Amino acid sequence: MNEMSERAQFVTRLGAIAATVGSAVGLGNIWRFPYEAGEHGGGAFLLIYIVCVFLVGIPVIVSEFVIGRGTHKNVSGALKQVAPGTPLHWFSYVGIVASLMILSFYSVVCGWIVEYLIQSIAGHMSGHSAAEYSAIFNNFVSSPWRSMLWTLLFLLLNFLILRRGIEKGIERVSSVMMPLLFLILAIFCIYALTLPGARKGVEFLFVPDFSQLTPKVAIGAMGQAFFSLSLGLSCLLTYASYFQDRDSLVKNATIIASLDTLVAILAGIMIFPVVFSFGAQPEAGPKLVFEVLPNIFQQLPGGYLWSVLFFLLLFFASITSTISMSEISITFFTEEHHMSRTRATGLNTVIAMAFGTLCALSFNVLGDFKILGKTLFDLFDYVSSNVLLPVGGIFFSVMVGWYINRTFVRDQLTNHGTLHSWVIKPLVFCIRFVAPIGIVLVFLYGLGLFDGLL
Ligand code: PFF
């Protein structure tokens, strides 16, 4: 008990939710979701995505929460406690490696965002032609020094927040940034809905074209749900280890999954009308954010402000996600290797800086260095999203559904019998059956096993 009361916690319930929503809401929602939905036919993708979030996403979130909050330990310590005397705690390395891989490539995109934010504030993002916006982006990513510098600078900011700890660092930053993020998003959505292309954009997002409902779309939607909800790499387990014993895990999981989905939908409402109003293509991929949107913003009245607000929104979304990825290894280093918080944070940052630099260089000097036909940036993205996250998701749902002591699980779901809900039974069913089977499908698909079949 003594040991537990010394351990940091999120102090307020709202802070715990802000931090966890902050982890979930990131580039996955604002950049990847609209682009994936754009590629997979809008409404049909959205429909399947929501089904995946509720049938697989929430069960896996709850599984991670049960282990994290039930032990109040880092991922390795938690697995040692729930599976004593077994080698299962070695599985913690899957999450730790995955989190460092994601942090490395994600920080490169975050570096671009910081550069674009500063350029927008300085007023350099207006008055160019479409071709010039493409050239600006290409010049930027092909300059080894610039992309490396911004990646490192972003990681330094990440370090400065994390060094301050759970309450003063993560909780405080998330409690300020998340409400601002929702506010900026709301302003954008209201504005976007007044544009001439609004109707077409909203229809594209909400009216499902059922002919598009193929297994491939379904499996793509599940992959997106995993990345977007930060599932499978023990990030949510680690955050839940800082939850208080009175928090309701099922309620928190539902709020987090719902808000994450809401942000993805709002991002669609914000982006599609703008894109359709200006005759651009919604499936432009990474370019949408860095080439197409800056060009559109400058054509809008008050373009300067829209551009600054948009990159600020992306910045808030991304830094609250990177601090959560980093926390997995920081908690592991401090608790399993008895490092001070500053040292552990420093070690996490140095590793991320080393691999982040290599990822930044994959767009220029290391462009020809390929493993399995992919640059390091693409390889890290591919291996973490398509292999490590699904494997982690299967592991946590099977652990909670089948392996861990049932009383332990029930106590966590009901806060030792003080909470009752009809949701718990169907939820446990999903943890035991629906989630692992669903994820096995994504996993096999991610490995290309269904190529040619679907
Ligand atoms: N969920 C984040 C996003 O949508 O951008 C990405 C992410 C955060 C993945 C934290 C993994 C993680 F541990």
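Bear in mind the structure is a predicted one, so any value in this text is a computation, not a measurement. Order of listing sets the numbers, starting from 1, for every ligand and every atom in it.
- For the ligand labelled ligand 1, residue Y106 lies inside the 4.0 Å heavy-atom shell.
- Not a single N or O atom of M325, backbone or side chain, sits closer than 3.5 Å to an N or O atom of ligand 1.
- For ligand 1, the polar-atom distance check against S321 finds no nitrogen or oxygen pair separated by under 3.5 Å.
- Shown in contact with S23 at under 4.0 Å from a heavy atom are these atoms of ligand 1, numbered in order with element: 1 (N), 2 (C), 8 (C), 10 (C).
- T334 and R343 share no side-chain donor-acceptor pair at under 3.5 Å.
- The distance criterion of under 3.5 Å between nitrogen or oxygen atoms is not met by S324 with respect to ligand 1.
- Looking at F227 next to ligand 1, an N or O pair under 3.5 Å apart turns up.
- With salt bridges taken as basic N to acidic carboxylate O contacts below 4.0 Å, one links K80 and E336.
- Below 3.5 Å of separation, one finds an N or O of L27 facing an N or O of ligand 1.
- Residue C235 approaches ligand 1 through these ligand atoms, each under 4.0 Å from one of its heavy atoms: 13 (F).
- Which parts of ligand 1 touch S228 is read off a 4.0 Å heavy-atom cut-off, strictly below it: atoms 1 (N), 4 (O).
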Before giving the answer on side chain to side chain donor-acceptor pair (under 3.5 Å), spell out for S23 and S230 the whole-Å C-alpha distance, their side-chain angles and the decisive distance to 0.1 Å.
CA-CA 7 Å; S23 165; S230 317; 3.0 Å; yes
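- Looking from atom 8 (C) of ligand 1 to the surrounding protein, the closest heavy atom is S230 OG, 3.3 Å.
- In this model, no donor atom of one side chain and acceptor atom of the other lie less than 3.5 Å apart for E327 and T238.
- Here R172 does not pair with E167 in a salt bridge; the nearest charged N to carboxylate O distance is not below 4.0 Å.
- Salt-bridge formation is not detected for the pair D247/R69: no Lys NZ or Arg NE/NH1/NH2 atom is positioned less than 4.0 Å from an Asp or Glu carboxylate oxygen.
- Polar contact with ligand 1: present for A24 (N/O pair, distance under 3.5 Å).
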Just do the side chain to side chain donor-acceptor pair (under 3.5 Å) check on E171 and T12 with the steps written out, would you?
CA-CA 9 Å; E171 184 170 355; T12 64; 3.0 Å; yes
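- Looking at L233 against ligand 1, only its side chain comes within 4.0 Å, counting heavy atoms.
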Pair Y93-S76, side chain to side chain donor-acceptor pair (under 3.5 Å): steps then yes or no:
CA-CA 8 Å; Y93 285 101; S76 171; over 6 Å; no
